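A quick write-up on the structure given underneath.
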Amino acid sequence: MQKVLIANRGEIARRIIRTCKAMGMATVAVYSEADKQMPYVREADEAVWIGPPPVPQSYLNVEAILEAARSVRADAVHPGYGLLSENASFAQRCQEAGLVFIGPAPDVIAKMGDKLTAREIMRQAGVPVVPGSGGMLVDADEAVDRARQIGYPVMLKATAGGGGIGMQVVHSDEELRQAYQSAKGRAKAYFGNDAMFLEKYVQNPHHIEVQIAADQHGQILHVLERECSIQRRHQKVLEESPSPFLDEETRQKICQSAVDAARAVGYTGVGTVEFIMDERKDFYFLEMNTRLQVEHPVTEEMTGLDLVALQFDIACNRPLSVRQEEIKAHRHAIEVRVYAEDPETFLPCPGKIEEYRVPEIEHVRIDDGVEAGTQVTPFYDPMIAKVIASGVTREEAIQRLSEALKAFYIGGIKTNLPFLREILDDDSFRAGMYTTHFVQNRKK
Ligand code: MV4
């Protein structure tokens, strides 16, 4: 593998370029009309224009991206996260064009993209799933019957959903009858697939995910967990690892379940198995993300591994050289996401970054895609930077991250930095006592 086209933008494009350079591979950036001046475009060895700013015409434009890869004679395509990263037909098209897609096989992406199929595969493999309705619901009457068997509250989910989209909590027969039709309509409009299923609603859970890596020689490793409970409306805000909520015995169990999950689908590459965990520390499979995640640096800073390098090793058919016993939480790591948004309303706040001063602190890593003068446009995700701090203890990591957030200055646009600083000062956060309802329940 000599030349990699990165089918993404911003901080993740930059992050992938960094590892490619370290591994001696050439990089090709693709960019829309809005991204000409972005740092990642300059930092890549080559750059190809793929279209106007809207994503359907640029970063989701499969034909333009494949044509770009052909024109530069790239060997591989790294999709990053979001955009085309979990698009099975894109992965298939790459393969057909003779390009190595950095990710699992197209059929694995497709199976895990269908939440009901994923659930059924995991159930058969002995991975715990939330008690639920079995298959797809036929109509509202059946939904009510199943909900009564499961017991309210239940969660109505779209098979094609995921990441919090297409799901709704319901507490009664009446509410379910109402929700059923409207949720089905929304699923149809969003995903072009209105298949629905039910699960018992797990109240006030922890959101814990396990990083896994599987090579093409049958070796599957877990790279421990990330605690992702601090989120707002399904947008993650802070992730940390190790989870302050897990004891060693539960950690071993959940990580083993993640390995079982990966084996059950024939996974290859780097991936994440998402679980919810209740206060009794019972955990259930939610979904599997078949891509590199935004929060992967938490795992990297904790273990010292380079997950993007592992992705390339696996794609090049090299056996994983690290062994399970060598993967350890050497440090505690915490990441926050800095967004261009109004800290009061949480609405995206695009505009020009006039001033940009990043903290330079030992054991603080900044993964960003912008610089002074960058225009944050309304066309793309408003995430500006990730700040990742680590320490020998959780307290040390928190201390460093607090310092970093105080020293981070972004002028010209509104950001959520004040909100992030508040979280770091919160007593429940400092005590490691929080669930997915943390932001919602927070006393201001
Ligand atoms: C759930 C759940 C509780 N019970 N399913 C949200 C993201 C997607 N991956 C699945 N999610 C959830 N599924 C059952 N049966 C809780 C979540 C959930 C969540 C729900 C409401 C508010 C914030 C949340 C954060 C993480 C997970």
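Please read these numbers as outputs of a predicted model, since none were measured by experiment. We count ligands from 1, going down the list as the structure has it; atoms in each ligand are counted the same way.
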Present, as a list of atom pairs with distances to 0.1 Å, all nitrogen or oxygen contacts under 3.5 Å between ligand 1 and the protein.
{"unit_1": "ligand 1", "atom_1": "4 (N)", "unit_2": "V202", "atom_2": "N", "d": "2.9"}
{"unit_1": "ligand 1", "atom_1": "5 (N)", "unit_2": "K157", "atom_2": "NZ", "d": "2.9"}
{"unit_1": "ligand 1", "atom_1": "9 (N)", "unit_2": "E274", "atom_2": "OE1", "d": "2.8"}
{"unit_1": "ligand 1", "atom_1": "9 (N)", "unit_2": "E287", "atom_2": "OE1", "d": "2.9"}
{"unit_1": "ligand 1", "atom_1": "13 (N)", "unit_2": "K157", "atom_2": "NZ", "d": "3.2"}
{"unit_1": "ligand 1", "atom_1": "15 (N)", "unit_2": "E199", "atom_2": "OE1", "d": "2.9"}
{"unit_1": "ligand 1", "atom_1": "15 (N)", "unit_2": "K200", "atom_2": "O", "d": "2.7"}

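Separation of atoms CD1 (I384) and OH (Y339) is listed at 11.0 Å; rounding is to 0.5 Å.
Note that R119 lies outside the cation-pi zone of F285, set by a 6.0 Å cut-off to the ring centre and a 45° limit from the axis. A cation-pi arrangement is present between R394 and F429 under the rule of less than 6.0 angstrom and at most 45 degrees off the ring axis. In this structure, K281 satisfies the cation-pi test against F245, with its NZ or CZ atom closer than 6.0 Å to the six-membered ring centre and inside 45 degrees of the ring normal.
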>> If you apply the rule ring pair (Phe, Tyr, Trp, His ring centres under 6.0 Å), what do you find for F312 with H78, and how did you get there?
In response: CA-CA 9 Å; F312 284 116; H78 195 308; 5.7 Å; yes
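For an aromatic pair to be called close, the ring centres must be under 6.0 Å apart, and F408 with Y356 satisfies this.
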